[in-house]
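Below is one structure, written out as C-alpha cells; comments come after it.
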Amino acid sequence: MAAAGLPDADPELERPRQPEHGEWATTLALRLAKPAKAAPRDIAQRIVDHLDVPEQVAEVEIAGPGFVNFRLSASYYADLIREVVAREEGFGRSSVPEEEREHVNVEFVSANPTGPLHVGAGRWAATGDAIAALLEAAGHEVTREYYVNDAGEQVRRFGESVVLVARGEELTDDHYRGGYVAEIADALRAAHGADLFADDGQAQGVAPATAARVGELAVEAMRARIEGQLHELGVDYDVWFSERTLHDSGAIETTVAQLTSDGHTYADDGATFLRTSDHGDDKDRVLVRSDGRPTYFAADCAYLREKWDRASAAGTGGGARLFYLLGADHHGYVARLLAAAECLGIPSGRVEIRIGQLVNLLRGGEPVRMSKRAGELITLDEVVEEVGTDVTRYHFLRQGLDTTVDFDLAVVTRQSMENPVYYVQYAHARISSLIRTADERGFDHGTVEEANLLRLDHPAEHELLRALARLPLEVAEAAELRATQRLARHAEELAGTFHRFYTECRVLVDGDEELGRARYWLAVAARRALADALALLRVRAPERM
RNA sequence: GCGCCCGUAGCUCAGUCAGGAGAGAGCAGCGGACUUCUAUUCCGCCGGUCGCAGGUUCGAAUCCUGCCGGGCGCACCA
C-alpha cells in the first residue's frame with residue numbers, strides 16, 4: 001500500500017454475487033477514496049499496478065465505480081477437483097489452530113420430561129444437532145447435552161397424575177393429562193405391579209411418598225421416550241444430565257454458598273436473592289425460597305458451574321464454551337442466565353445463548369390446535385412418521401433462527417419443489433446414477449491425476465466449480481454464525497449448478513474421451529461435496545430416487 | 001407499559017452480523033426443452049415504493065432514531 005502511496009487498509013476480499021465479477025473482489029479503492037482524496041478508479045489502478053498476483057489468479061480487472069475483481073485460473077480448479085476426489089470424505093471441513101480450538105457444550109431441546117416432545121421441539125433438535133455438526137466441521141470439539149428436569153414440584157405432580165389415572169380417579173387442572181399419562185401408568189403397572197400406586201392408609205388424594213416414587217419412575221420412562229423420539233429424528237446426545245443429581249450431590253447448596261461468599265447474594269423476607277440486576281438483568285432473582293427450598297434458577301446456576309468445569313477440563317487450546325439453544329418462549333431467562341454466569345466467574349462471552357422463534361403447526365394453512373386434552377396432542381414422532389426425517393429436519397434447517405417457521409403438514413408431505421430437500425437429494429442421486437451407468441457401459445474414466453481437467457471451460461462447468469470451491473467457506477461461515485440455513489442454501493446452489501451442468505454437458509460423450517473423463521471427475525467431486533453438505537445437515541444422500 | 005424477534009415478488013423465504021456493482025431463490029402463473037448419462041430436471045417470460053418517515057454515508061434491504069403492523073416474554077411458577 002505504501003508503495004502505491006496509499007494509506008494502509010484491510011483489503012477485505014469478498015465474493016461477488018454475479019459470476020461476471022470473478023471469484024473474488026475488493027471494495028478497497030472505494031473505501032480509500034475519501035482518505036486518499038482521489039478518484040476510486042485511479043486508486044484501484046494504483047493498487048493493481050503494485051499488486052503481487054499469485055499464480056492461481058488468472059486475471060485482475062477494475063470494474064464499475066472502482067471494484068477490483070479477481071478471476072481464478074483453470075489450474076486452480078483442476079487442483080480443487082483432485083483435492084476433493086482424493087479425500088475420502090469431509091470436504092468442506094476445516095481445522096482451526098490448536099489455540100483456537102474450543103470445547104463447546106451444546107445444550108438443546110431440554111424439554112421437561114413430563115410429556116412427549118411436540119413438533120416445535122423438532123426445530124431445536126434438528127438445529128442444535130446441525131450447529132453441533134457445523135462446529136465439529138469447523139474444527140471444534142462438541143458435547144451434545146440434554147438437561148433433564150427430573151426434580152422438584154413437577155415430578156411430584158406428574159407422579160400424582162399417573163397414580164390418579166392408574167386408580168381411575170379424577171384429575172384437577174393442575175395435573176398432566178392425555179393418553180400418554182395412561183400409557184405410562186400401564187407400563188409402570190406392568191413392570192412394578194399395581195401395588196406401586198397404593199398408599200398406606202391415605203384416605204384422600206395421593207400420599208407424597210407415593211407421588212414421589214411414581215414420579216421418579218414416570219419421569220425416567222418419559223425421558224426414555226423422548227430419547228427415542230429424538231433418535232427417530234437422527235439426533236443422539238452425548239450427555240443426558242439429570243437435575244436431580246445436583247440436588248442429591250449437594251451441588252446446589254455448594255453453589256449458593258459460593259455465590260454468597262463471593263458477595264453476590266442477599267437475604268430478603270427470608271429468601272436468598274442473587275444480585276443479577278448488577279449484571280444486566282431486570283431484577284434480582286430468588287435462589288432459595290423463604291421456606292428453604294431452592295428454586296429452579298438455583299439448580300440452573302449449579303448446572304452452569306458444573307458444565308463449565310466439565311467443558312474446561314477438556315483442556316482445548318481455545319477454552320470452553322457453553323452454548324444454549326432456546327425457544328423464544330424462554331428468552332426471558334437469557335439475562336438472568338448470563339448474569340449468573342458472571343457471578344460464577346465464568347469469563348464473559350463464554351456462555352452463548354441463541355434464541356429461535358417458534359413453530360406454527362398447520363394443516364392446509366389452518367392452525368392445528370394443540371390442546372392438552374387427550375387425542376389432540378400432535379407429537380414429534382407422529383409428525384416424523386407422517387413426513388419423514390429428511391423433510392422434517394431440512395424444513396427447519398433451511399430457515400434462519402429469527403424467523404417463525406410454519407410447518408404445514410399438507411405442504412411438507414408433498415414431494416415437490418415446495419420441499420427443496422428433494423432437489424438437493426435428486427442431484428446426488430442423479431450423479432450416482434450417472435456413475436453407475438458409466439461403470440455399466442465400461443466407460444474408461446482413468447484416474448483423476450491423468451485426466452486433463454483444463455478441458456473444463458464450459459460456463460456450466462465453471463459455475464459448478466465455483467460453487468464447489470466455496471463449500472469450505474460456506475461451512476466455516478455457517479459454523480461461525482451458527483446459521484444452518486447458510487449451508488442448506490449453499491447445498492441448493494450446488495445442486496442447481498450441477499443440474500445445469502448435467503443438462504448442458506454430456507459426460508458420456510462419443511468422440512471426445514478426454515473431455516468425458518474430465519467431466520466424469522467433476523461429477524465425482526460434485527457428488528462428494530453434496531454428500532458432505534447433506535451429512536452436516538444429517539440428511540440422507542440417496543443413491544437412487 | 002417494558003424487553004426480544006419479525007415485516008423483502010401473489011405465497012414461502014435467503015440476503016442484514018462486517019453498508020458496495022441493475023435486490024436473489026423456490027412455489028404459484030404463462031411459454032418452451034427428453035428416440036441420447038434419472039424431466040423430482042433445465043431454459044425463458046411475468047412479478048418488488050426491501051412496512052412507513054427521518055438521519056448517517058461517495059453509497060443503505062443492511063447502521064441510527066421515531067412510528068405502524070404481527071409473534072414471544074416479563075413469578076418466592078415449573
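Throughout, a chain's letter reflects where its sequence line sits, starting with A, and its residues are numbered from 1.
Taking 4.0 angstrom as the limit, A:Arg156 places none of its side-chain polar atoms (N or O) nearer than this to OP1 or OP2 of B:rC77. Taking only side-chain nitrogens and oxygens, A:Arg430 comes nearer than 4.0 Å to OP1 or OP2 of B:rA39. Residue A:Ser433 places at least one side-chain N or O closer than 4.0 Å to OP1 or OP2 of B:rU38.
Using a 4.0 Å heavy-atom distance criterion, A:Ala438 is classed as making no nucleic acid contact. Residue contacts for A:Arg506: at a heavy-atom cut-off of 4.0 Å it reaches a base atom on one of the strands shown. When heavy atoms are screened at a 4.0 angstrom cut-off, A:Asp269 is found touching base atoms of the nucleic acid. Note on A:Tyr423: only backbone sugar-phosphate atoms sit closer than 4.0 angstrom, heavy atoms only; bases stay farther off. Across all strands, A:Leu358 comes closer than 4.0 Å only to sugar-phosphate atoms, never to a base (heavy-atom distances). Across all strands shown, A:Asp284 has no heavy atoms under 4.0 Å from either base or sugar-phosphate atoms. Across all strands shown, A:Glu480 has no heavy atoms under 4.0 Å from either base or sugar-phosphate atoms. Base contact: A:Gln357 has a heavy atom under 4.0 Å from a base atom.
As a whole-Å value, the separation of A:Leu326 CG from B:rC5 P is 15 Å. We find that CZ of A:Phe443 is positioned 15 Å from P of B:rC37, with the value rounded to whole Å. Taking atom NZ on A:Lys283 and atom C1' on B:rG3, their separation rounds to 12 Å, with Å as the unit. Rounded to whole Å, the distance from CG on A:Leu397 to P on B:rA14 is 13 Å. One can place CZ of A:Arg414 at 14 Å from C1' of B:rG26, the figure rounded to the nearest angstrom. With rounding to whole Å, A:Leu494 atom CG is found 20 Å from B:rA14 atom P. Computed from coordinates, the A:His428 NE2 to B:rU41 P distance equals 17 Å when rounded to whole Å. Residue A:Ile431 contributes atom CD1, which lies 12 Å from atom P of B:rU38 at whole-angstrom precision.
Side-chain proximity of A:Ala429 to the nucleotides B:rA21, B:rC72, B:rU38 is greatest for B:rU38. Considering only the side chain of A:Tyr426, B:rA39 comes nearest among B:rC72, B:rA39, B:rC77. In the set B:rC76, B:rC6, B:rC37, the nucleotide with an atom closest to the side chain of A:Asp402 is B:rC6. Of the listed nucleotides (B:rA14, B:rC42, B:rC37), B:rA14 has the atom at the smallest distance from the side chain of A:Gln485. Of the candidate nucleotides B:rA78, B:rC76, B:rC37, B:rC37 has the atom nearest to the side chain of A:Thr437. Of all nucleotides listed (B:rU36, B:rC42, B:rG73), B:rC42 comes nearest to the side chain of A:His499.
Taking OG of A:Ser242 as the reference point, atom OH of A:Tyr303 lies at 10.5 Å (rounded to 0.5 Å). Rounding to the nearest 0.5 Å gives a distance of 11.0 Å between CD of A:Glu243 and OG of A:Ser110.
Taking the six-membered ring where the residue is Trp, A:His445 and A:Trp521 present perpendicular rings, their angle passing 60° and hence far from 30°. Between A:Tyr426 and A:His499, the angle of the ring planes stays under 30°, which puts this pair in the parallel group of the 30/60° scheme. Ring geometry, A:His279 versus A:His264: the interplanar angle exceeds 60°, so the pair is classed perpendicular (tilted spans 30 to 60°).
Taking atom C1' on both B:rG20 and B:rC11, the two are 31 Å apart, rounded to the nearest angstrom. When the P atom is used for both B:rG3 and B:rU41, the distance is 47 Å, rounded to whole Å. Taking atom P on both B:rG19 and B:rG26, the two are 29 Å apart, rounded to the nearest angstrom. Taking atom C1' in both B:rC58 and B:rU12, one finds a spacing of 37 Å when rounded to whole Å. Between B:rC76 and B:rC17, the distance separating the two C1' atoms is 39 Å to the nearest Å. A distance of about 27 Å separates the C1' atoms of B:rA53 and B:rC13, rounded to the whole Å. Look at the P atom in both B:rA75 and B:rC68: the space between them is 25 Å, to the nearest Å.
Ion pairing of A:Arg482 with A:Glu352 is present here, as a side-chain N (NZ or NE/NH1/NH2) and a carboxylate O approach within less than 4.0 Å. Taking a cutoff of 4.0 Å between a charged side-chain nitrogen and a carboxylate oxygen, A:Glu61 and A:Arg71 qualify as a salt bridge. A salt bridge links A:Glu461 with A:Arg519; the closest basic N to acidic carboxylate O contact falls under 4.0 Å. Using a cut-off of 4.0 Å between Lys/Arg side-chain N and Asp/Glu carboxylate O, A:Glu493 and A:Arg466 are scored as not salt-bridged. Comment: A:Arg225 does not engage A:Glu220 in a salt bridge, judged by the lack of any side-chain N to carboxylate O separation of less than 4.0 angstrom.
Of all the heavy atoms in A:Leu471 and A:Ala529, the pair that sits closest is CD2-O, 3.7 Å.
Remark: ring of A:Phe67 stacked against base of B:rA21; centroid gap under 5.5 Å, plane tilt under 30°.
Toward the 5′ end of RNA chain B lies the nearest nucleotide of A:Ala495, the other residue of the pair A:Ala495 and A:Tyr296 mapping further downstream. For A:Tyr333 and A:Ala328, each mapped to the nucleotide of RNA chain B holding its nearest heavy atom, the one lying further toward the 5' end belongs to A:Ala328.
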Between the protein and nucleotides 10-13 of chain B, list the N/O to N/O atom pairs that are separated by less than 3.5 angstrom.
residue	atom	partner	partner atom	Å
B:rC13	OP1	A:Gln399	OE1	3.4
B:rC13	OP1	A:Thr404	O	3.3
B:rC13	O2'	A:Arg489	NH2	2.4

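A 3.5 Å limit on both hydrogen-bonding distances identifies no Watson-Crick or G-U partner for B:rA28. Pairing for B:rG22 is absent, with no Watson-Crick or G-U wobble pair whose two atom distances lie under 3.5 Å. Base-pair partner of B:rU35: not found among the strands shown (Watson-Crick or G-U wobble, both distances under 3.5 Å).
Its glycosidic angle being within 90° of 0, B:rC34 falls on the syn side.
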